[in-house]
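Everything below concerns the one structure shown next.
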Amino acid sequence: MNGSLDIGTLLFLVLAVVIFLRLRSVLGRRTGNERPPIDPYAPREAARAPRDSEDNVVPLPRSGQPEPQATYGREDTPEDLIRDFMPNGGAIAAGLLEIAKLDRSFEPKHFLQGARTAYELIVTSFAEGNRKMLRQLLSPEVFQGFDQAISEREKRGEVADTNFVGINKADIVEAELRNRTAQITVKFVSQLITAIRNRQGDVVDGDPSQVREVTDIWTFARDLGSRDPNWKLVETQAAN
């Protein structure tokens with residue numbers, strides 16, 4: 001009686017082990033469709049699916065997170081990179097070289113691409129009174145001035161009717177490294193159609209049918225020793 005029970009128990013255990021091994025061989029097999037493990041040190045933008053909302057700012061190129069076309073880890077030296085961008089050298093080239101030596105992901109061509117995008121975004125956001133977008137692109141001091149101008153416009157009941165035609169030219173006119181803060185000044189020549197309308201919709205300034213050429217001189221800055229990878233607009237000048 002006891003012997004038959006022992007044999008039955010033994011057979012049951014053997015069967016259980018066989019089933020367990022078969023299940024493990026199936027459940028443990030990779031099919032190639034598994035999601036990759038989450039890297040807790042990866043940038044949050046990479047771990048998050050893009051959304052079509054105003055939270056997705058298109059800022060200047062981010063140091064340490066180069067654009068796909070950037071040559072981060074390139075074989076070219078910073079001297080080669082700046083010489084290719086500005087073959088005649090000079091004070092601007094010297095300033096860019098200082099920045100490139102400290103930030104190996106920095107490339108002037110990609111910086112200018114980002115600066116053009118930021119310029120258009122700031123101009124249109126100011127016209128729309130989009131403070132949320134402006135706050136992400138401007139230094140606190142510059143944002144304060146933009147915010148005050150928007151508030152005064154709102155108090156008067158005026159609306160800025162602006163159509164951004166395009167940027168004719170964007171050139172780096174100054175570049176320097178102050179301690180660990182990179183500052184690059186860009187001269188933009190753009191075309192805008194702009195008019196200010198009052199509460200009744202009448203034009204009180206500008207011309208909604210005329211394309212006007214505007215020249216702006218803007219300075220962008222980034223602390224290369226900071227974890228914040230974004231460049232911010234820190235100073236504006238109007239040449240006309």
Side-chain angles (χ1 to χ4, degrees), residues 57-62 67 69-70 81-100 106-130 133-139 141-150 153 158-177 181-197 203-222 230-240:
V57 180
V58 185
L60 292 166
R62 297 183 170 188
E67 302 292 332
Q69 70 270 27
L81 177 70
I82 303 305
R83 190 181 303 112
D84 179 65
F85 177 76
M86 194 166 286
N88 295 329
I92 300 175
L96 292 174
L97 179 58
E98 287 189 63
I99 297 171
F106 172 77
E107 295 194 20
K109 291 180 181 179
H110 298 148
F111 173 88
L112 272 180
Q113 292 173 4
R116 293 170 70 99
T117 301
Y119 177 83
E120 179 177 353
L121 194 55
I122 291 170
V123 169
T124 55
S125 296
F126 175 70
E128 297 167 358
N130 188 342
M133 183 69 74
L134 291 173
R135 194 184 298 274
Q136 300 179 60
L137 297 170
L138 312 178
S139 70
E141 295 77 14
V142 175
F143 174 78
Q144 184 178 2
F146 276 59
D147 179 52
Q148 182 178 353
I150 293 173
R153 190 173 67 202
E158 296 175 346
V159 176
D161 184 7
T162 300
N163 182 12
F164 191 93
V165 179
I167 298 175
N168 294 341
K169 198 173 183 182
D171 294 317
I172 296 177
V173 294
E174 289 182 14
E176 63 177 334
L177 186 64
T181 298
Q183 289 194 351
I184 299 179
T185 301
V186 182
K187 181 179 180 180
F188 298 95
V189 180
S190 63
Q191 289 187 323
L192 301 174
I193 300 175
T194 182
I196 304 297
R197 299 180 184 273
V203 176
V204 296
D205 190 20
D207 188 340
S209 61
Q210 181 180 0
V211 178
R212 185 165 62 100
E213 184 175 270
V214 178
T215 300
D216 287 301
I217 300 174
W218 287 8
T219 300
F220 299 91
R222 192 180 85 80
N230 295 316
W231 292 78
K232 296 291 182 74
L233 177 64
V234 297
E235 185 180 349
T236 64
Q237 303 175 50
N240 61 345

Step-by-step side-chain contact (heavy atoms from CB on, under 4.5 Å) determination, Glu120 to Phe188 | CA-CA 10 Å; Glu120 179 177 353; Phe188 298 95; over 6 Å; no
In this structure, which one of Asn230, Leu121, Val142 forms a side chain to side chain contact (heavy atoms under 4.5 Å, CB included) with Leu137?
-> Leu121
Nearest 0.5 Å, please: how far is [atom2] in [Y] from [atom1] in [X]?
X      : Y      : atom1 : atom2 : value
Leu177 : Gln183 : CG    : CD    : 9.5 Å
Ile82  : Glu107 : CD1   : CD    : 9.0 Å
Phe85  : Leu81  : CZ    : CG    : 9.0 Å
Thr181 : Glu176 : OG1   : CD    : 10.0 Å
Ile122 : Phe143 : CD1   : CZ    : 12.0 Å
Glu235 : Phe220 : CD    : CZ    : 11.5 Å

Mind checking whether [X] and [Y] have side chains closer than 4.5 Å, heavy atoms only?
X      : Y      : value
Thr124 : Thr162 : no
Phe111 : Leu96  : no
Val234 : Glu141 : no

For residues [X] and [Y], report the shortest heavy-atom separation together with the two atoms involved.
X      : Y      : result
Ala93  : Met86  : N-SD, 3.7 Å
Gln136 : Lys232 : O-CE, 3.1 Å
Ser125 : Leu134 : CB-CD2, 3.8 Å
Arg153 : Gly129 : NH2-N, 3.7 Å
Arg197 : Asp161 : NE-OD2, 3.5 Å

Is a side-chain N or O of Asp171 found less than 3.5 angstrom from the main chain of Val173, in a donor-acceptor match?
-> no
Decide side-chain contact (heavy atoms from CB on, under 4.5 Å) for Ile217 and Thr185; before the verdict, give the C-alpha distance in whole Å, the side-chain angles of both, and the deciding distance to 0.1 Å.
-> CA-CA 7 Å; Ile217 300 174; Thr185 301; 3.4 Å; yes
side-chain contact (heavy atoms from CB on, under 4.5 Å) between Val214 and Val123: does it pass, once the steps are laid out?
-> CA-CA 11 Å; Val214 178; Val123 169; over 6 Å; no
Glu98 meets the salt bridge (charged side-chain N to carboxylate O under 4.0 Å, His left out) criterion, sequence neighbours left out, with none
Identify, with sequence neighbours excluded, every residue that meets salt bridge (charged side-chain N to carboxylate O under 4.0 Å, His left out) alongside Asp205.
-> none
Would Asp147 and Arg135 pass as an ion pair if we require N to O under 4.0 Å?
-> no
Apply the test side-chain contact (heavy atoms from CB on, under 4.5 Å) to residues Trp218 and Val186: give CA-CA distance (whole Å), side-chain angles for both, the deciding distance (0.1 Å), then the verdict.
-> CA-CA 5 Å; Trp218 287 8; Val186 182; 5.6 Å; no
